[in-house]
Every structure is written in structure tokens, then in C-alpha cells.
Amino acid sequence: MTVGGREFHRIGVELGPRSYDVIVGSGALEQLAELRRLPGSRPGSALLVADRGVPTSHRARAAAVLTGAGLRLHTLSITPSEEHKSLAGAEDILIAMSDHQLERGDLLVALGGGIVGDIAGFAAASYRRGISWVQCPTTLLSMVDASVGGKTGVNLFAGPKRELRKNMIGAFHQPRLVLADLDVLGSLPDRHFRAALSECLKHGLIGAEWGDPDLFGWTQHQGQAIIDRDPAVLAALIARNVALKARIVAADEREEAEQSGRALLNLGHTFAHALESIPGLAPPDSPAPLQHGEAVALGLVAAVGTAAAAGYCPAELAELVRTPLEQFGLPTRISGLPTARALIARMMHDKKVAGGRVRLILPTELGHARIFCDVPSEAIEAGIDAIRAGV
Ligand SMILES: NC(=O)c1ccc[n+]([C@@H]2O[C@H](COP(=O)([O-])OP(=O)(O)OC[C@H]3O[C@@H](n4cnc5c(N)ncnc54)[C@H](O)[C@@H]3O)[C@@H](O)[C@H]2O)c1
């Protein structure tokens with residue numbers, strides 16, 4: 001679509017009365033001006049929940065567009081860390097909404113990466129039993145994945161050492177609009193930019209099931225242009241990943257399908273969430289903590305290693321997955337891992353555990369994956385050993 005002489009990709013997330021658009025392109029944030037014209041929406045006030053790490057210029061631009069649209073604007077800055085992605089972090093937002101007397105018809109606008117989107121969306125789902133919200137993702141990972149689909153939530157800190165239990169508390173609460181403005185990616189550090197590419201490859205690994213069998217190969221083929229942040233290639237990358245996720249979410253919004261539904265998007269994530277719960281883990285030459293996308297890269301290698309060891313997929317798939325992850329500079333091995341048994345014990349805290357058994361999403365061939373409930377523990381151990389450095 002074209003607005004004001006600029007070209008945008010517009011992808012619809014088709015969910016009946018909860019349908020919404022994802023707009024991708026340079027200058028997309030300007031469309032915050034249209035918020036008061038969304039059907040059934042007459043917000044008077046808005047709370048802009050902004051990621052402290054996003055440069056002031058982007059935050060100021062979003063604020064100026066919102067006030068220009070006639071909204072009474074309040075702002076709150078959030079520290080984007082997994083520690084702060086907690087009930088206490090969500091409470092700060094709830095208190096701000098209450099202090100500013102936001103009503104049910106008012107609006108929350110989240111401007112930031114996946115962490116800010118998840119906490120702010122959870123606060124929007126909870127405040128007065130749910131108010132409308134808009135996502136303005138500012139990291140590549142939140143553009144290609146986290147901002148779409150309405151999963152919101154926070155981590156739980158529990159156990160004797162108050163260990164991190166990832167995304168244990170949450171709600172499904174779809175945004176009214178998602179604006180992915182390519183201009184904000186200019187300031188995103190390289191490490192955070194690359195971290196997103198594991199989620200893109202994950203989408204490629206299930207692409208054949210969801211109407212884009214070429215996504216994995218295309219992403220690999222465009223590797224250098226992606227790393228160079230070529231604007232046209234980036235826009236296509238985001239639009240294609242959003243379109244794939246939108247199709248999956250439209251088919252299985254609340255992850256209820258027994259097989260082949262939204263759960264496939266968790267490929268690699270049971271391993272990744274366990275890795276993220278280990279304090280101090282980091283790739284070589286990078287400070288801790290491990291970024292979510294980095295943990296997903298390791299999780300994908302562990303998942304394909306498990307599948308190969310169990311005989312669920314051809315052994316060659318392991319190399320096929322490792323190669324583009326390394327090409328994107330993502331970790332595929334890590335030192336400092338606990339024993340495989342200790343990591344499996346952490347995996348038991350995953351939301352996917354059912355009837356006391358870990359349910360793993362594992363690839364079966366390029367483009368396809370399945371849910372497995374009875375994976376032999378030796379195969380899981382082999383998968384974990386595939387990411388262990390220094391052996
Ligand atoms: N809800 C979902 O469906 C879903 C899907 C995938 C991931 N997630 C969640 O998303 C989180 C990870 O999100 P993320 O990878 O975006 O990381 P993040 O939110 O931690 O952001 C990474 C860093 O980039 C900074 N940053 C953000 N935008 C910037 C910009 N434009 N310029 C400069 N710096 C910027 C942030 O301040 C932060 O330091 C995890 O908590 C993960 O669980 C949620």
C-alpha cells in the first residue's frame with residue numbers, strides 16, 4: 001500500500017472481530033496519527049510505554065505523532081531486561097495507567113523490543129480486564145515475531161534461588177495495530193539485530209507446512225543483504241515472516257491444535273528457555289545475559305540434534321541448520337552448560353510440559369516439524385551435547 005508517497009507492506013492478521021494489520025516500512029510510526037480512526041475506537045488518553053534503550057529521537061517522534069492526533073499523552077520508560085519482565089514490572093505500568101486515570105476506551109502504546117511488548121501487552125490485557133493496545137516494535141526480533149500474535153506475559157521468579165521461569169504468566173491479548181518502522185532499526189546494535197535471525201530461520205524450518213516452503217533457502221540466500229540491512233530486503237524479510245506467523249495465528253490463535261498448529265512456533269524454545277534461566281551464560285566475547293534470539297539459535301541446534309539422534313529426521317538436517325546460524329554469527333555451541341540431566345530438569349518448568357512429560361517440537365525434514373511427547377532421554381542428551389562447547 002502507498003501512504004503519503006511511501007510504500008508499505010500491509011499484512012492482515014485475520015481473527016474475525018480481533019483482526020488487525022501489521023504495517024511494515026520506513027516511516028510506519030507516522031501512522032500512529034490514525035489511531036483515533038480505528039473502528040470502534042475513540043481513545044481520549046494514551047500511555048506510551050517506551051523501551052529506555054530506544055534512542056530519544058524515536059520516542060519523541062512517536063510522542064509527537066500521538067499528541068498531534070489529539071490524544072492526552074502520558075509516558076513511562078521501561079528497562080528491558082528479563083529480570084524486569086516480571087509481575088513487578090507489569091505492576092509499574094498498571095499503576096501508571098491508574099494514576100493517569102486511563103479508562104477502558106483508552107489506549108496503551110508499546111514502543112520497544114520484545115521484552116517491552118510482552119510486559120506492556122500483559123498490563124494492557126489486565127488493566128480493567130483489558131484495554132486496547134498498539135505495538136510499535138523497535139527490534140528486528142519483535143518485528144518478525146514477538147509483536148504479532150497477541151501472546152503477552154512476564155517471567156515468574158520462583159524456587160529457593162528465585163530462578164527465572166520464562167513466560168510462565170501471561171494472557172492472549174491481540175493488539176489493534178502493529179507498526180514496524182524500518183527507520184528505528186538504524187540504531188539497533190549488531191548483536192541484537194543478528195539475534196532475530198534465529199527466529200527467521202525457525203520460521204523457515206516450518207515454512208513448508210504454512211505456505212512458504214522457500215523461506216529457509218531465501219533467508220540463507222539473502223544472508224549478506226540482510227546483514228548489510230538492505231532496506232528492500234529487510235522489508236521483505238519482515239513482511240514474509242509476519243505473513244507466515246499471521247497464517248499460523250489465524251489457524252490456531254490460542255495454541256490448541258493437537259498437531260501442526262501454533263505450538264510449532266516453539267521449535268527450539270523449550271531448550272532456549274532452559275538456557276535463558278541459567279545465570280551468567282553468554283556466547284564467547286559477548287557479555288551475559290544470553291539474548292533470547294541467541295538462546296533460540298542454540299535451541300534450534302539442540303532440537304535438530306535431538307531429532308537426528310532419535311531418528312525423526314535425516315542426520316544431514318543438523319548441518320543444514322547449523323550453517324546459516326553460523327553465517328549470521330549466532331552461537332551454535334556454548335560453554336558453561338550444566339549436565340544434560342540438570343538442563344532437562346530446567347526444561348521440566350516449560351509451559352509445554354503435559355502430564356509430567358516434556359513435549360518437544362522437533363524438525364522432521366526441511367520445512368516440517370511435529371510435536372513429540374515420548375522422546376528418549378538419550379536423544380535429548382545427544383541434542384544438548386551438540387551445543388556443548390569444549391568437549
Ligand atoms: N510474545 C511473543 O510472541 C514473543 C515472541 C518471541 C520473543 N518474545 C520475547 O521477546 C523478548 C526478546 O525481545 P528482543 O529480542 O526484542 O529483545 P529486547 O526487548 O531485550 O531488546 C534488546 C535490546 O535492544 C534495545 N533496543 C530496542 N530497540 C532498539 C533500537 N531501535 N535501537 C537501539 N536499541 C534498541 C533494547 O533496549 C534492549 O537493550 C524475550 O523476552 C522473548 O521471550 C516474545
Side-chain angles (χ1 to χ4, degrees), residues 13 22 28-29 49-59 61-62 77-86 89 110-122 124-125 133 135-156 164-175 178 180-200 202-203 229 241-242 245-246 248-249 253-255 262-263 265-270 272-273 275-277 286-287 289-297 299 330 350-351:
V13 184
V22 181
L29 274 181
V49 179
D51 187 320
R52 269 210 178 86
V54 172
T56 325
S57 55
H58 300 317
R59 290 190 263 158
R61 186 153 64 94
S77 295
I78 293 280
T79 303
S81 69
E82 292 292 345
E83 285 67 39
H84 192 77
K85 184 175 150 179
S86 62
L111 177 78
I115 290 187
V116 165
D118 278 8
I119 319 178
F122 181 63
W133 72 301
Q135 286 251 51
C136 304
T138 62
T139 62
L140 182 60
L141 188 139
S142 56
M143 290 185 187
V144 296
D145 189 353
S147 63
V148 180
K151 273 194 185 178
T152 72
V154 296
N155 303 318
L156 184 64
L164 184 158
R165 296 187 185 160
K166 187 83 191 195
N167 297 342
M168 197 54 85
I169 304 162
F172 288 98
H173 189 50
Q174 301 292 344
V178 178
D181 190 334
L182 296 181
D183 295 349
V184 303
L185 291 179
S187 53
L188 188 68
D190 197 49
R191 181 177 176 195
H192 297 305
F193 182 86
R194 288 173 188 262
L197 301 170
S198 59
E199 298 282 17
C200 298
K202 175 200 76 179
H203 286 153
R229 307 192 189 190
N241 278 275
V242 167
K245 185 161 181 186
I248 300 176
V249 169
E253 183 184 5
R254 298 178 73 93
E255 206 171 305
R262 187 165 183 171
L265 289 168
N266 296 311
L267 175 59
H269 279 60
T270 302
H273 289 164
L275 294 169
E276 283 180 90
S277 74
S286 300
L290 198 60
Q291 293 297 302
H292 175 71
E294 294 169 342
V296 171
L330 287 164
D350 193 83
K351 297 187 299 304

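Residues: numbered from 1 along the sequence shown. In listed order, ligands and their atoms are each counted from 1.
- For the side chain to side chain contact (heavy atoms under 4.5 Å, CB included) test with Lys85, the passing option among Ile78, Asp118, Leu164 is Asp118; the others fail.
- For ligand 1, the protein residues within 4.0 angstrom (heavy atoms only) are Asp51, Gly53, Val54, Pro55, Pro80, Glu82, Lys85, Gly113, Gly114, Ile115, Asp118, Thr138, Thr139, Leu141, Asp145, Ala146, Lys151, Lys166, Asn167, Val184, Ser187, Leu188, Pro189, His192, Glu199, Lys245, His292.
- Using modelled atom types, one finds a donor on one side chain and an acceptor on the other under 3.5 Å when comparing His269 with Glu199.
- Put simply, the side chain of Asn167 does not reach to within 4.5 Å of the side chain of Lys151, judged on heavy atoms.
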Would you please test Thr79 and Arg52 for side chain to side chain donor-acceptor pair (under 3.5 Å) and show each step? CA-CA 6 Å; Thr79 303; Arg52 269 210 178 86; 2.7 Å; yes
Go through Glu255 and Asn266 one step at a time and tell me if the side chain to side chain donor-acceptor pair (under 3.5 Å) criterion holds. CA-CA 10 Å; Glu255 206 171 305; Asn266 296 311; 3.2 Å; yes
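- Across all their heavy atoms, Met143 and Asp181 have their closest contact at CE-O, 3.4 Å.
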